[in-house]
Amino acid sequence: MDTGEAPAQRPVTLDITVEDVNKDAPGPPQPDSSETPSRDSVLPQEDSIDLGGEFATPQEDSSATPSESLMDKLNDQMMESVMISDSPNNSEENDVAPIDSFLDGGEEESGGETSGDKEEQLETGQNTTEIKVSVEEQDMDGSEEKVEEDTKKQADTQEEDTARVSPQGDTQSPSDLKNEEPAAQSASGTSPKEEPVPVCTIFSHGTQPKSLVPDGFQPTLIKSPSFSMGSGGGSDEAVTPSKLTAPLVCQPSPSLSKFFTDNGQTNPASDFFDSFTTPSSFISVSNPNAEIPSGASPAPIAPTPDRQLSSTSSSISTAGGSLDSGTPTPSTVFCPAPTDSTAKPQPPLPQMVPAPAQAPASAPTTHPQPFNQLQAVFSGNDDPFATALSLSEVDRRHDAWLPSEETRKMLISVATQQYSPAYIESNRLTMPGLKFDNLQGDAVKDLMLRFLGEQAAMKRQVLTANSVEQSFTGLKQLVTSKNWRAAVDLTGRLLTAHGQGYGKTGQPTSHTTDSLQLWFVRLALLTKLNLFQNAELELEPFGNLDHPDLYYEYYPTVYPGRRGSMVPFSMRLLHAELPQYLAKPQEALDRLHNLKTVCLVILENLEKGLAEDGSMITLTQENRQASLKLWQSRLSRVMYSMANCLLLMKDYVLAVETYHSIIQYEPQQRVQLLSGIGRIFLQIGDVKTAERYFQDVEKACQMKGSQSSHTTCMLMNRAFVYLSQNNYAEAHASFTEVLKIDPKNPVANNNAAVCLLYLGRLKESLGQLEGLVQQDPALYLHESVLFNLTTMYELESSRSTQKKQALLEAVACREGDSFNTQCLKLV
Amino acid sequence: MDVNQAKQEHLLALKVMRLTKPTLFTNLPVTCEDRDLPGDLFGQLMREDPSTIKGAETLMLGEMLTLPQNFGNIFLGETFSSYISVHNDSNQVVKDILVKADLQTSSQRLNLSASNSAVAELKPECCIDDVIHHEVKEIGTHILVCAVSYTTQYGEKLYFRKFFKFQVLKPLDVKTKFYNAESDLSSVTDEVFLEAQIQNITTSPMFMEKVSLEPSMMYNVTELNIVTCGDQGESTFGKMSYLQPMDTRQYLYCLKPKPEYAEKAGVIKGVTVIGKLDIVWKTNLGERGRLQTSQLQRMAPGYGDIRLSLEVIPDTVNLEEPFDIICKITNCSERTMDLVLEMCNTRSIHWCGVSGRQLGKLSPGAFLSLPLTLLSSVQGLQSISGLRLTDTFLKRTYEYDDIAQVCVVCPYTSNES
């Protein structure tokens, strides 16, 4: 997605003494005196004057280029929202598809409509270009508008979400529903809004894309009316927050899901905004789905039947007969079709026709119907149902989890409707909220402001939460472009829209697959940003991730028949790992051990021929294998975390043992693991044992036949041994040998340079590293390399600051806001 | 360690960096599954990160070397290595540069420069590099003095110095303790056991590569830190021989006097030199340190003129039943003795037989074995005391208390209960 941004700028920033590098890097180790001549010519080039000059000239260009590229980006992005398939996302979407439920029908439509909207947007975009607006304010506008749109959508869809943004767009202040606002108004309102904020003309180009940004969201805006929900829904909502108007309530999601649209295709976010009360939307969804097959991807079809099937199987499977017998669930699930049609005026009517195949079967189920029969019906059906079945399998496989006894009982009673979820004590519920508002910030830019001046800083262009689509797509874009801070902001906004925004901790809310995924992404990014405290704070309301409302069974109407954990496994893992970064490794270990135990029990269940959760479902061989594979990989992932945690604790004995035990799960990683263990021993100082492990590595390599990666690995290990014997010359030779095989190997390059320093060859070492950073910034603008480089600058001369600033410029045009500026040692 | 040169008028800049071993970069794996929202994004980010291990990205310990981040601590026995760089910051050629690096300790001044010859000229932007090494042998303040003298283009002779001060700390705490093999019944061997407690008082784990006792000329030493099973010995400290910060480990050595000294059992008296401990450790990536203790000295047990040891003694005896012991009495003095044995009963131990009996003459170095009978009237662990030997020549009495312990049990208890 962001391919466009870099290339134009690359040459500009990276010339930190070009000649110097070229002469130094290839040159064999020479005494300094021999190098002197080359130095001479370089001299004038190195210092601040030159850098300044070079950067000064391209200024105009660069100001244009990045904005252009940004423009492209934005265009791309917009295109994405229109085009249904985008290669990078495709695969994921298919995977994700099962998650989303009933709402697909609605989305599908919207997807279709977007193209139309698109054009409109473009028009509006052009209109606004003439207006010069300062970036920030522009952004603000954009966000406001988006927010507004959201609220409108929400209003349209009569969802009673708690988190709202004021239509005035002051900021994201939570306010109450704005049902009144017709969607149309907001559409017109956008352009006038932008006009009054003229300020600075620097970004003549910049304005254009910016102004386009808000338009990116217009498709949704325009779409939502198409649901014709606006009028009816609004009134409904005001009147009835009740759960009985089931189909109506469920509709908020389609329009809102636009908000999170994933290319407008299958929408993982679809059930994102099911409100707390969302009742059985089952049929209303199923109908559109039933129709869809003709036109669209199989993905959206799948969920519906799959749910039904899974519901059947699940209720059958549960250990206690209670679930079976009770089955009030299905009754709500299969609510009569009529309601549905009213609810979705536009689509359902035509859809009803193809639907019958499914509907008749479900409709009668107002009375508990033997599920076996249902299953039989479905299994007899053709492709869509087969896919559905397999998807439900996938769901079950991935979501499987073993709740605590207490939670399990509660879930059973919810399922049997012994008491409604609403009456579960609040301390057993998960009520998360953002703990901090805005993280947005860009340390790189701050540094630029400080060292390179405002002008240079203005050139820095990074994606922000405002500059991307307010959706999963935008989120992915931010993550990919390494703008993790912005991505965290975006997750915050999306969560706010879901009613789990700032200050919402402790307030009742409902969870969906997507809200939890958002939380996961947010927490993962915070962790990646080393903001562990923040992550811990926000994880706190989730407790130990075992509250009943974090399981699908808790929402029998929203996720009929779906069972297992809503919390993704990755989030559990993150939750378990987190304390180790906060100096509480023991707690992390405890949690990891819990995860391990669950993994082991599930694996055991599978071995015994049961389903993951120990219920008596018969799995096909294929599914069992897939399940075993998945859970084994999860187990090994947990083991990795444990080993890493132990390593952090410096409990080398256990760490080594654990890493060793991973080999049985991941035999293909044998070489890497044994080498890793060897390095641990080197770290302790036990060179002999390390060598033993490295010998094992060589044996393993020989057994697997010669691959270049293995040779690399062996040479690398040898180099580390030499290093540990204080034999830097040999170590350097080994690293250099790696480079003969794999000239682009960043590790070998960096390590060879480090060895040179220890050999007293500072200039060569510097030359090599500078050359690397210059030639292949993608690989070498890495914390560790930059840290080494700046350290050497400091050692080399008194003018290190200028050189570091040059690095900063290089960083500025490539790296996102998540870049760790500490390694530049500028402050 | 890097001090900015305040006076910028100098054409040359001197920079010093301590070269501790580089460290391996650790990354922070955050992963997700394909079905999660980010899909493969996190995986991709990790694969693209040059510092991860390809094929095993979740392995925390990478391969990327990073330079030392700060001066760190330096400990006695380690090698102090430092990079000294003299850089020509000016735009003129500088001549006759002489860089001298001295290390001033509390007791001496050492020259560490590799060469003491002047460099003829240094062009702008060029460096003189030197890497110095020094094994630190003193605790306390050390000052690295770097002096640079040079001649400018215009023949002006300039000179400046920089001082870098650092503290050398103690890495280990060593305590020793001797045990005399008195209870050894064949006490002729005169074995001595040395227990050495070695504590890591640094802040990083330490791999103990070698902890050996170099005995003095009188002794042979056996290390008791390896349990041999089969042909492979296993360390008593487990598979991994490293010491966490503040951990202590006990090493045990058995010392036997060499035969030529052992014969003169009585000769090993007073203070004897046992030997010294030689300790070699390694830390991060093979950073090596080595220490030797001073000569360990031991006060030989004061046997006095007459040494009394036990050859046979039961460990458990019945209450109020006589039991036998055999004492060995050795004349450690240089003269012949005429000994009289007296036996005094204690509260629990009662001697059987006649007290005040003549044992006859005992020439120097000779010994006699003396079977004795006694009984205990009290249960429990009882100490055997109350033997008196009197040398009638000098009228000197030697008292022997707490010779040994026996456990006295009541044979009936089991029946009663």
Side-chain angles (χ1 to χ4, degrees), chain A residues 32 36 39-40 42-43 46 92 95-96 398 472 476 479-480 517-518 520-521 524 527-528 568-570 574 637 640 644 647 650 652-653 669 672-673 676 679-680 682-687 716 723-726 746-747 750-751 754 758 760 762-763 779 782 784 787-788 791 794-798, chain B residues 2 5 13 15 17 19 22 24-25 28-42 49-51 53-56 58-61 63-67 83 85 87 89 91 123-131 205-207 238-242 244 281-287:
Chain A
D32 278 338
T36 11
R39 278 295 128 64
D40 255 350
V42 177
L43 167 69
E46 266 192 288
E92 291 164 19
D95 287 341
V96 180
H398 282 83
F472 287 179
K476 283 179 186 169
V479 173
T480 319
Q517 284 287 349
L518 272 178
F520 163 62
V521 174
T527 309
K528 271 173 118 48
F569 180 80
S570 319
L574 193 69
R637 180 66 188 83
Y640 254 122
N644 289 342
L647 191 62
K650 300 194 171 166
Y652 299 107
V653 178
Q669 295 183 9
Q672 290 94 329
L673 279 165
R679 284 196 304 277
I680 294 179
L682 285 185
Q683 237 189 356
I684 308 169
D686 189 347
V687 185
M716 215 65 119
L723 200 73
S724 303
Q725 292 163 342
N726 280 322
V747 178
N750 170 70
N751 291 0
V754 169
Y758 282 81
L762 172 63
K763 285 277 182 188
L779 275 181
H782 182 267
S784 52
F787 176 82
N788 289 342
T791 308
E794 284 174 1
L795 180 58
E796 184 213 12
S797 85
S798 323
Chain B
D2 196 89
Q5 178 72 351
K15 301 275 176 174
M17 178 172 111
L19 290 179
L24 291 170
F25 187 81
L28 192 148
V30 173
T31 59
C32 65
E33 295 179 345
D34 290 344
R35 271 170 53 110
D36 291 331
L37 196 157
D40 191 36
L41 278 187
F42 286 169
D49 185 336
S51 68
I53 304 296
K54 300 298 163 282
T58 32
L59 187 62
M60 213 174 199
L61 186 62
E63 291 178 322
M64 198 77 111
L65 291 174
T66 49
L67 293 173
Y83 200 109
S85 153
H87 186 257
D89 280 348
N91 45 17
K123 293 188 175 157
E125 293 301 316
C126 289
C127 287
I128 300 172
D129 303 90
D130 193 8
V131 178
M206 217 181 225
F207 168 69
K239 270 181 259 168
M240 294 173 88
S241 193
Y242 72 96
Q244 293 281 18
W281 72 89
K282 284 190 174 161
T283 53
N284 179 40
L285 284 186
E287 185 96 62

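Just so it is clear: chains get the letters A, B, ... in the order the sequence lines come, proteins before strands, and each one is counted from 1.
- The line from NZ of A:Lys528 to CG of B:Leu28 is 8.0 Å long, rounded to the nearest 0.5 Å.
- No side-chain donor-acceptor contact under 3.5 Å links B:Glu63 to the backbone of A:Arg679.
- Expressed to the nearest 0.5 Å, how far OG of B:Ser85 lies from NZ of A:Lys763 amounts to 8.0 Å.
- Atoms CD and NZ, from A:Glu796 and B:Lys15 in turn, are 10.0 Å apart once rounded to the nearest 0.5 Å.
- Looking only at distances, no side-chain donor or acceptor of B:Arg35 sits under 3.5 Å from a matching main-chain atom of A:His398.
- A heavy-atom distance below 4.5 Å is not found between the side chains of A:Leu762 and B:His87.
- Taking every heavy atom of both residues into account, A:Ser784 and B:Phe25 meet most closely at CB-CD1, 3.7 Å.
- No side-chain heavy atom of A:Val479 sits under 4.5 Å from any side-chain heavy atom of B:Pro38.
- Proximity of A:Leu723 to B:Pro22: side-chain heavy atoms (C-beta onward) are separated by under 4.5 Å at one or more points.
- The choice from A:Pro568, A:Ser724, A:Pro746, A:Gly676 that makes the most heavy-atom pairs within less than 4.5 Å of chain B is A:Ser724.
- Here A:Asn726 is the residue among A:Asn726, A:Val687, A:Ile680 with the most heavy-atom pairs under 4.5 Å with chain B.
- Atom-to-atom distance recorded for A:Gln683:CD and B:Leu24:CG is 5.5 Å, nearest 0.5 angstrom.
- Heavy-atom pairs under 4.5 Å with chain A peak, among B:Asp130, B:Thr58, B:Val30, at B:Thr58.
- Here B:Met64 is the residue among B:Lys282, B:Glu287, B:Lys54, B:Met64 with the most heavy-atom pairs under 4.5 Å with chain A.
- When heavy atoms are compared at a cutoff of 4.5 Å, A:Asn750 approaches chain B solely by way of its side chain, counted from C-beta outward.
- Here the closest non-hydrogen pair linking A:His782 and B:Asp49 is NE2-OD1, 2.8 Å.
- Nearest heavy-atom pair, A:Gly685 versus B:Phe207, reported as atom, atom and distance to 0.1 Å: O-CD2, 3.2 Å.
- Here the CG-CG distance, from A:Leu795 to B:Leu19, works out to 8.0 Å after rounding to the nearest 0.5 Å.
- Between A:Ile684 and B:Tyr242 the shortest heavy-atom distance is CG2-CB, 3.3 Å.
- Contacts between A:Phe569 and chain B at a heavy-atom distance below 4.5 Å involve the side chain alone, from C-beta outward.
- Put simply, the side chain of B:Leu37 does not reach to within 4.5 Å of the side chain of A:Phe520, judged on heavy atoms.
- For the residue pair B:Thr66 and A:Asn788, the shortest heavy atom distance occurs at CA-OD1, 3.3 Å.
- Between B:Val131 and A:Tyr758, the closest heavy-atom pair is CG2-O, 4.1 Å.
- The shortest side-chain heavy-atom distance between A:Gln669 and B:Leu59 does not fall under the 4.5 Å cut-off.
- Looking at B:Pro29 and A:Tyr640, their side chains never come closer than 4.5 Å, going by heavy atoms from C-beta outward.
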